[in-house]
Amino acid sequence: MRILVVGGGGREHALVWKLAQSPRVKEIYCAPGNAGIAGSAKCVSLDANDIQGLKAFALEQHIDLTVVGPEEPLTLGIVDEFEAVGLRVFGPGREAARMEGSKVFAKKIMQQAGVPTAAYREFTDHEEARAYVTRLNGPVVIKADGLAAGKGVFPCRTTDQALEALQRIMVEREFAEAGDNVVVEDFLVGEEASFICLTDGETVVPLPSSQDHKPIFDNDEGPNTGGMGAYSPAPVVTPELHSLVMKKVMQPVVDALRENGIRFKGILYAGLMISDGVPNILEFNVRMGDPETQPILFRLKSDLVELMEAVIDERLHEVTIDLDPQPTICVVMAAGGYPGSYKKGLPIAGLDKAAALTDTMVFHAGTRQE
Ligand code: AMP
Ligand code: GLY
């Protein structure tokens, strides 16, 4: 098989690494990839959002399976575009991807499916939103409806913070039309975990639980990052909680989408907030997490190509997942200063030594060979 992976971060490096282990895979391309990915795939200089370019490439190169890493091409409809010309592609279509692309849409589906989530109100009018948060006079979370590269969520402890968030989203329009609608929801407390599943729109098969770690410093201190690491499993996801989430969240959401005429095929990822063993859903994503993918795929013994094909062909009920019980951990090494401004182009040394370790793998993000 000839495979194309779309994206170029640590998640995509892990996907390429895992897909390359399948005996069915002959050649892997990655667009745009990175210096680490170039070790096991041919990097193609196409942007992950260049859907027409990617489609032309996949047709030309007779790609048998395209795997989409990030959310943006999914919300832009890469899957619909590929399927329309007979290309096989792993990921949800444009409508299904609204589970991540629109917080309002995700909230509505959650409500319909009876999923536990923070109480919320939706606003398009700045004055009405101001009046609401002023009346609440307590901690709230303000969210721009659309994709905002992870920056559109504002947990606000005070009304002043909430008013400022509304100002930035609705008046200064920091996220452009992604801020046309705003969700104001209750501030939840607890411990977060990532619950990531495969689904073919009917059957839901969970991947191992994981937890990512956002603040830059130890002890959850300092500003949030894209994730300083992740481990799997997440001990906070007990077997009881696991079966509760499958029964009360994942399956009902997939069923509710189907009842709305949307067959969700791909990865469905629920962000959980757990307090006293009770989960609330913070958000849905429609792709693997980064950096959760790295420790999750390290534990997956099954052939990922087989699993993805079972999703595409709507026969996920036939598969079982084989996992390594050994826990895994991913630690992110970033340039000093991150997530603020930091020096770029710094050399990385020691990769050969790391490559000699048997139970360790270095995944790259933002690297380049020089
Ligand atoms: P989201 O993109 O909706 O997951 O939000 C990003 C992050 O904001 C989450 O991982 C949480 O840390 C935080 N967050 C989102 N919603 C809430 C909420 N209702 N209460 C507390 N924190 C939240
Ligand atoms: N690690 C969080 C995410 O991928 O959304």
Side-chain angles (χ1 to χ4, degrees), residues 7 9-12 14-15 68-72 74-75 97-107 109-110 115-122 133 136 138-157 161-162 165 169 175 178-179 181-197 207 209-215 220 222-232 234 236 249 267-275 278-297 329-332 339 363 365:
R11 165 183 53 208
E12 287 75 24
L15 283 166
V68 185
E71 63 276 12
E72 211 175 330
L74 293 167
T75 59
R98 292 177 72 206
M99 282 303 284
E100 178 163 0
S102 166
K103 305 244 183 231
V104 171
F105 177 78
K107 277 289 194 187
I109 295 291
M110 282 195 260
V115 165
T117 186
Y120 78 106
R121 290 266 310 266
E122 175 196 344
V133 301
L136 281 184
V140 285
V141 179
I142 312 258
K143 302 183 175 184
D145 175 52
L147 289 186
K151 299 194 175 83
V153 175
F154 296 84
C156 306
R157 300 250 163 219
Q161 287 171 351
I169 301 172
F175 309 104
N181 285 304
V182 166
V183 168
V184 179
E185 67 179 38
D186 289 357
F187 196 111
L188 300 173
V189 288
E191 186 167 354
E192 290 184 49
S194 305
F195 202 97
I196 302 179
C197 298
L207 291 169
S209 67
S210 57
Q211 190 177 68
D212 80 343
H213 297 266
K214 292 273 183 212
D220 281 338
N224 271 357
T225 66
M228 292 313 295
Y231 56 57
S232 172
V236 67
V249 180
I267 295 285
L268 188 60
Y269 160 156
L272 312 180
M273 179 71 91
I274 302 155
S275 174
V278 178
N280 262 289
I281 305 309
L282 295 176
E283 61 161 348
F284 278 97
N285 297 318
V286 299
R287 35 97 194 153
M288 299 282 290
D290 195 347
E292 294 97 314
T293 302
Q294 291 85 314
I296 288 175
L297 292 187
I329 181 160
C330 167
V331 178
V332 172
F363 294 117

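Just so we're clear, the structure is a prediction, and the values are computed from it rather than from any experiment. Whatever order the structure lists them in is the order used to number ligands and atoms, beginning at 1.
Of all atoms in ligand 2, listed by their number and element, those nearer than 4.0 Å to a heavy atom of G289 are 4 (O). Residue-ligand proximity, D186 to ligand 1, at heavy-atom distances under 4.0 Å covers atoms 18 (C), 19 (N), 20 (N). The distance from ligand 1 to the heavy atoms of K103 drops below 4.0 Å at these ligand atoms: 1 (P), 2 (O), 3 (O). Here is the list of ligand 2 atoms found below 4.0 Å of a heavy atom in N285: 5 (O). For ligand 2, the atoms lying closer than 4.0 Å to a non-hydrogen atom of E292 are 1 (N), 2 (C), 4 (O). Atoms of ligand 2 found under 4.0 Å from any heavy atom of D212, numbered from 1 in the order shown, are 1 (N), 2 (C). Remark: ligand 1 atoms within the under-4.0 Å shell around heavy atoms of F187 are 20 (N). In the vicinity of Y269, heavy-atom distances shorter than 4.0 Å reach the ligand 2 atoms 1 (N), 2 (C), 3 (C), 5 (O).
Protein heavy atom at the shortest distance from atom 23 (C) of ligand 1 is L282 CD2, 3.9 Å. The protein atom (non-hydrogen) at minimum distance from atom 5 (O) of ligand 2 is R287 NH2, 3.0 Å.
Checking side-chain atoms of Q211 against main-chain N and O of E192 turns up a donor-acceptor pair under 3.5 Å. For the pair S209 (side chain) and A234 (backbone), a donor-acceptor distance under 3.5 Å is present. Using modelled atom types, no side-chain atom of E100 and backbone atom of A97 make a donor-acceptor pair closer than 3.5 Å.
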Do any side-chain atoms of residues 139-146 form donor-acceptor pairs under 3.5 angstrom with protein atoms, and if so which ones, sequence neighbours left out?
from: K143; atom 1: NZ; to: E185; atom 2: OE2; distance (Å): 3.0
from: K143; atom 1: NZ; to: L282; atom 2: O; distance (Å): 3.1
from: D145; atom 1: OD1; to: S102; atom 2: OG; distance (Å): 2.8
from: D145; atom 1: OD1; to: K103; atom 2: N; distance (Å): 2.9
from: D145; atom 1: OD1; to: V104; atom 2: N; distance (Å): 2.8
from: D145; atom 1: OD2; to: S102; atom 2: OG; distance (Å): 3.4

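Put simply, the residue from T117, V249, I109 that forms a side chain to side chain contact (heavy atoms under 4.5 Å, CB included) with F284 is V249. Of the candidates K151, H213, K214, N224 forms a side chain to side chain contact (heavy atoms under 4.5 Å, CB included) with just one, namely K214.
Y269 pairs by the ring-ring contact (aromatic ring centres under 6.0 Å, His included) definition with nothing, not counting sequence neighbours.
When the options E192, E185, K151, E283 are ranked by their closest heavy atom to atom 2 (O) of ligand 1, first place goes to E283. Which of N224, V183, L188 comes nearest to atom 20 (N) of ligand 1 through a heavy atom is settled by distance: it is L188.
Counting heavy atoms from C-beta on, the side chains of F154 and I169 come closer than 4.5 Å.
Considering both main-chain and side-chain atoms, R11 never comes within under 3.5 Å of ligand 2 through any nitrogen or oxygen pair.
Salt bridge K107/E122: absent, no basic N to carboxylate O contact under 4.0 Å.
If you look at K214 next to ligand 2, the close heavy atoms, those under 4.0 Å, all belong to the side chain. Residue contacts with ligand 1 for K214 are absent, since no atom lies close enough (heavy atoms, distance under 4.0 Å).
Atom CG of residue N285 and atom CD of residue E292 lie 8.5 Å apart, to the nearest 0.5 angstrom.
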